[in-house]
Amino acid sequence: MAFPGDHLPVSVRVRFAPSPTGHLHVGGARTALFNYLHARRQGGVFVLRIEDTDAARSTDESLAAIFESLEWLGLSWDEGPKVGGAHGPYLQSKRRDRYALHGRSLETAGRAYPCFCSAEDLEERRRAQTARGEPPRYDGRCRSLDPAERQRQMEAGLPRALRFALPESGESVWDDVVRGRVAFRNELLDDFVLLRSDGLPTYNFACVVDDHEMEITDVVRGDDHISNTPRQLLLYEALGWTPPRFAHVPMILGQDGTRLSKRHGATSVAAYRERGFLPEAMVNFLALLGWSYDGQRELFSLAELEQLFRLERVGSNPAIFNVEKLEWLNGQHLRALPEAERVRRVAEFLRARGETGFEMRSPEWQQALVRAIGDRLKTLTDARTYGAFALEETLEVDEAAWAELRERPEVGPRLRALAARVAADREFTLETLERDLRGLAAELGIKAGELIGAARVALTGRKVSPGIFEVLWLLGRDRSVRRLEDAAARWEASPRAGV
RNA sequence: GGCGCUAUCGUCUAGGGGUCUAGGACAGGUGGUUCUCAGCCAUCAGACCGGGGUUCGAAUCCCCGUAGCGCUACCA
């Protein structure tokens, strides 16, 4: 029921607020995804806000990297850097006046006070508290400063921070969308800093001011922020603002169950991109980390997720990032791609890695290679692995594969015979090549598989490859003949244990 | 240490008191198909952290314990 003066039922407004202190990691990407999906599903607005109040750690490179990763994933923002919006600026470093303004009003209202304690002092007092077995928290020294003394310190021009004067009793409670009721006793909190002595806001203050001014209705963030929520709730109360709804999504852990970090290997979405993962798979995988549709269906496109995602279906237990599932999903999405698109992605991927062997070939050849690799393609990197025999001029021979071949009898002559057939094949199609080889095997009285095995090592240098007729076709007549003969010569020159 | 969050197969999860002899997926085993591998098909193995309650009945509700993680900064 609406009353005069009430806000009209506002549509959902969510935000993703990374700090530009490094690449976008998968945990952040997942938070961004959930925010994005929630906004899309509810017909709301997705805001991107940059929390760069830590001047020492924030960099432009990080900022650019975050934009790039979000764009790659397809998570477009409706308001924020690059696109603008009515609630800007969207960089906290450009909003100092806002924080100062609200800081002053809190101070005037007696809800905040200047603190002249130095960092060293604070550190020492904390140490003493810990030594005494007490919880380390601000002792309130400057809160109880008498007005004359406070005035004197101000006039002396001592660096001052602004601290929030917390209520000593009561509870901060909220109904979390993913966890239900969460409560903290206020007395356990301490008078935290709102504005640093350099005038920049700390996280909790900036966050509350911005969420309010940007009219954020739903705060969806990692559950490492749960214990910040009571502090923020208290700020909303002190400022006379209505707090948003909170949804604390579980964190993503490394294989060992601890918070995902560099020691768990690749953690940035950029790294997965470089490894040949598709944004489609990444999005699908991230969505499944914490959210489920019905426990059965697992394959989703971003567009489908925008329709099906519900914050209420997000679970509350932390998830371990397991790459095997990502790889499987990547294979699924790769196969779902129309062939032409798959070829395009392979070309793009190889080009980004500075490999030109693929894109120099004809479209028909490119398509044939990708088709020959077929379902072996789980990541785009596999295109290079399985296509190396045709992409690279010099053949790298796997030692184990060769060792096996070397010990087998009759290989040399057989490879030479096959070379002759291939050389004589005027049509050179998959059909004629198959006829050549199977015909020869029959004449030699051996199984086709045996001849194929030897040819595979000779032509690709490996024990594993795409189908042998495709291999021959991709290599072309000249290269095929040459490799077969080279292998035969090498076999003939090799001493054999049993001979 | 204090506070908080979490707890179902190795992993991601379904499950909201009886239909659960707990379902699906990845990974793993076995068999089949094929020129290898991948894929595909079939099949097997694999879990409700422990202890108390509540209830006719608990994976599901409550309490305690345990474990993991997070926060405990003039980081975010």
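So you know, we letter chains A, B, ... as the sequences are listed, proteins then strands, and number each from 1.
Between the base of B:rA76 and the side chain of A:Asn204 there is no donor-acceptor pair shorter than 3.5 Å.
Nucleic acid contact for A:Pro136: base, since at least one base atom lies under 4.0 Å from a heavy atom of the residue.
Checking B:rG24, B:rA27, B:rC5 against every side-chain atom of A:Val182, the shortest atom distance belongs to B:rC5. Of the candidate nucleotides B:rC35, B:rG4, B:rU6, B:rG4 has the atom lying nearest to any side-chain atom of A:Phe184. The side chain of A:Arg179 lies closest to B:rU6, out of B:rU6, B:rG39, B:rC35. Comparing atom distances between the A:Gln296 side chain and each of B:rU13, B:rA25, B:rG23 picks out B:rG23 as nearest. For A:Ser227, the side-chain atoms get nearest to B:rC71 when compared with the rest of B:rC71, B:rC35, B:rA27. Among the nucleotides B:rG15, B:rG23, B:rU13, the one closest to any side-chain atom of A:Ser292 is B:rU13. When distances are taken from the side chain of A:Arg376 to each of B:rC35, B:rA27, B:rC37, the shortest belongs to B:rC37. Comparing B:rC71, B:rC40, B:rC26 against the side chain of A:Glu324 picks out B:rC26 as the nearest. Checked against B:rA76, B:rG39, B:rC35, the side chain of A:Ser19 finds its nearest nucleotide in B:rA76. Side-chain proximity of A:Arg57 to the nucleotides B:rA76, B:rU11, B:rC35 is greatest for B:rA76.
For B:rA22, there is no paired nucleotide, since no Watson-Crick or G-U wobble pair has both relevant distances below 3.5 Å. Under the Watson-Crick or G-U wobble criterion, with both distances below 3.5 Å, B:rG28 is paired with B:rC44. Both distances falling under 3.5 Å, in either a Watson-Crick or a G-U wobble arrangement, occur for no nucleotide opposite B:rU54. Nucleotide B:rA59 has no partner under the Watson-Crick or G-U criteria, as no pair reaches both atom distances under 3.5 Å. When both distances must be under 3.5 Å, the Watson-Crick or G-U wobble mate of B:rA67 is B:rU6.
For the pair A:Asp398 CG and B:rU36 P, the computed distance is 18 Å after rounding to whole Å. The distance between atom NZ of A:Lys463 and atom C1' of B:rA38, rounded to the nearest whole Å, is 16 Å. Between the CG atom of A:Leu122 and the C1' atom of B:rU72 there is a distance of 14 Å, given to the nearest Å. Note: CG (A:Asn317) to C1' (B:rG68) measures 12 Å, nearest angstrom.
A 4.5 Å side-chain heavy-atom check between A:Leu253 and A:Leu260 finds every atom pair outside the cut-off. Between A:Phe300 and A:Leu308 the shortest side-chain heavy-atom distance falls below 4.5 Å. Side-chain atoms of A:Glu450 and A:Arg414, non-hydrogen and from C-beta on, do get closer than 4.5 Å to each other. Taking the side chain as every heavy atom from C-beta outward, A:Val269 and A:His25 never approach each other to under 4.5 Å. Within the 4.5 Å cutoff, the side chain of A:Arg479 has no heavy atoms near those of the A:Phe389 side chain.
OP1 or OP2 of B:rA76 sits under 4.0 Å from a side-chain N or O of A:Thr53.
The side-chain tip of A:Arg15 does not point at the ring of A:Phe46 from less than 6.0 angstrom away and within 45° of straight on.
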